[in-house]
2 protein chains.
Amino acid sequence: MARKTKEDAAITRQRIIDAAREVFAARGVSRTSIEHIASHAEVTRGAVYWHFKNKIELFYAMRDQAFLPFIDHIDAAALNEESEDPLSTIEQFFENTIQTLNHDAAIREIYEIMMVKCEYVDEFTAVLQQIVTNCHYFIEKLQLLYERAQQKGQLNIGLDPVALALDSHLFFSGLLHMWVKDSRAEGFRQQANTLIRQHIGLRKRAIP
Amino acid sequence: MARKTKEDAAITRQRIIDAAREVFAARGVSRTSIEHIASHAEVTRGAVYWHFKNKIELFYAMRDQAFLPFIDHIDAAALNEESEDPLSTIEQFFENTIQTLNHDAAIREIYEIMMVKCEYVDEFTAVLQQIVTNCHYFIEKLQLLYERAQQKGQLNIGLDPVALALDSHLFFSGLLHMWVKDSRAEGFRQQANTLIRQHIGLRKRAIP
DNA sequence: GTTTACATACAATCATGTTTGTATATAATA
DNA sequence: TATTATATACAAACATGATTGTATGTAAAC
């Protein structure tokens, strides 16, 4: 087949990434061969190997399409320094993430793949470490927000922003995991927002 | 080779399970071949296929060695009805689980495999569903304990046992995940007990 | 004309499930 | 109690298919 224009090539590249995501989600990363991805994207393995060195490079490309926006989302929440209501900022952040999972099938698939359809061994161990690094970054931002909430008197007395940040991170991590695992929408997915509000409610200063 | 006695066969079987666990932990479930397991157990594939139909049956056998005791542990905590201090029962349960992970390398490996070294697709999707079922069971027991804590006046006023149970489950689920992922003991593992106490502390009625 | 963007062909492993072979533990029988 | 029959606990061989990376070919864009 003939050479394509640069824009065409970019389209092919994205098609391959999309195909990879879909096949990963259906068959798991390990059981997915380059041929599976190629035929699903309606190209040959040659095209895949042209755009990506191997499977893990493709995996990284796919991951970035969900995680770069997520980082931006975290930063946006934390950077809003003039917010009058830091506690609500946290709550909104959690709810928005769940919203995104509900509405964006691609993002949802990427989370699913990374949480229950990928084995973090060999070349993939680095991915796990990057996730952990991101978690620490996320915890930092949560701590910042809780500190601001404390300054504004939103928190119950005696609560420590550091502890709250860690606790909220574990809560949210657990929530995402349950959300993904409960793929038949048996309840958890509908309950998510309620759970978030209750979680934040636990910290909120009682209105006298 | 010759036929072994029943006890010898049982030993061989357990050796194969142990070998499977070790190789799964090192290479991930998908990348592990029956031959890998066999040679690690110092038997041939024939022995493995004699004792187990295929890889997933072996996986189930391995899993049960960690999860059956875990269920018992949950039941033991919830059945202790005369406990004067249900909140501490919960706290102890969390801490004991972490203790087990710290001291029992086999259990630790099984958790690791199930959380980050296994892809839940095809024959493995059933495993995920079973995990979710177990989670719901766990949440029920937590709810029971929180109800007892409420009756004994241990909880802060206005807290709902149902909400607390879900929140604690998410916390614990997130904690286990972080514990497993933080394999280089960079902090999370040491912090676990502190986090548990703080989490429970959030619910505890302030001593007047 | 050269580089790009692929398709096609090649070579080399590797894994799976099954089948067959076999020595012996164990139960049945005499 | 000694003998025999059979099921057991594997090892070894077989047949088949899948996957990977690379190497080569090619037509069109630049």
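A note on names: the letters A, B, ... follow the listed sequences, proteins ahead of strands, and every chain is numbered from 1. These numbers were taken from a predicted model, which means no experiment stands behind them.
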**Q.** Where B:Ala9 and B:Lys4 come nearest, the two heavy atoms and their spacing
**A.**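 So the minimum-distance heavy-atom pair works out to N-CB, 4.4 Å.
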Within this structure, what is the [atom1]-to-[atom2] distance between [X] and [N], rounded to whole angstrom?
X: A:Glu42; N: C:dA7; atom1: CD; atom2: C1'; value: 15 Å
X: B:Gln14; N: D:dA9; atom1: CD; atom2: C1'; value: 17 Å
X: B:Lys6; N: C:dT24; atom1: NZ; atom2: C1'; value: 15 Å
X: B:Ile56; N: C:dT16; atom1: CD1; atom2: C1'; value: 16 Å
X: A:Ile11; N: C:dA5; atom1: CD1; atom2: P; value: 13 Å
X: A:Asp8; N: D:dC30; atom1: CG; atom2: C1'; value: 14 Å

Q) What about B:Phe171 and A:Phe171, are their ring centers closer than 6.0 Å? A)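 No; A:Phe171 has its ring centre 6.0 Å or more from that of B:Phe171.
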Q.
Tell me if the aromatic rings of A:Phe67 and A:Tyr111 count as close, with their centers under 6.0 Å from one another.
A.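 Yes, ring centres under 6.0 Å apart.
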Q: Output the single nucleotide from C:dC6, D:dA9, D:dA12 whose closest atom is nearest the side chain of B:Lys4.
A: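 Per side-chain heavy atoms of B:Lys4, the pick is D:dA9.
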Q | Residue B:Ala9, side-chain heavy atoms: nucleotide from D:dA12, C:dC6, D:dA9 that is nearest | A |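 Comparing D:dA12, C:dC6, D:dA9 against the side chain of B:Ala9, the answer is D:dA9.
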Quick one: is [N] close enough that its OP1 or OP2 comes under 4.0 Å of any side-chain N or O from [X]?
X: A:His51; N: C:dC6; result: yes
X: B:Thr5; N: C:dT26; result: yes
X: A:Trp50; N: C:dC6; result: no

Q) What class does the angle between the rings of B:His169 and B:Phe138 fall in, given that below 30° is parallel, 30 to 60° is tilted and above 60° is perpendicular? A)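 Geometry flag for B:Phe138 against B:His169: perpendicular rings.
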(Q) Would you call the rings of A:Phe124 and A:Phe59 parallel, tilted or perpendicular, taking 30° and 60° as the class edges? (A)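 Ring orientation, 0 to 90° scale: perpendicular.
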Q) Under 3.5 Å, is there a donor-acceptor pair linking the side chains of A:Ser33 and A:Glu35? A)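 Per modelled atom types, A:Ser33 and A:Glu35 side chains form no pair under 3.5 Å.
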For nucleotides 16-22 of chain D, give me every protein contact, N/O to N/O, under 3.5 Å, one pair per line with atom names.
unit_1, atom_1, unit_2, atom_2, d
D:dT20, OP2, A:Ile34, N, 3.2
D:dG21, OP2, A:Tyr49, OH, 2.3
D:dG21, N7, A:Arg45, NH1, 3.1
D:dG21, O6, A:Arg45, NH2, 2.4

(Q) Do A:Leu164 and A:Leu155 make a side-chain contact, defined as non-hydrogen atoms from C-beta onward lying under 4.5 Å apart? (A)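 With C-beta onward as the side chain, the pair touches.
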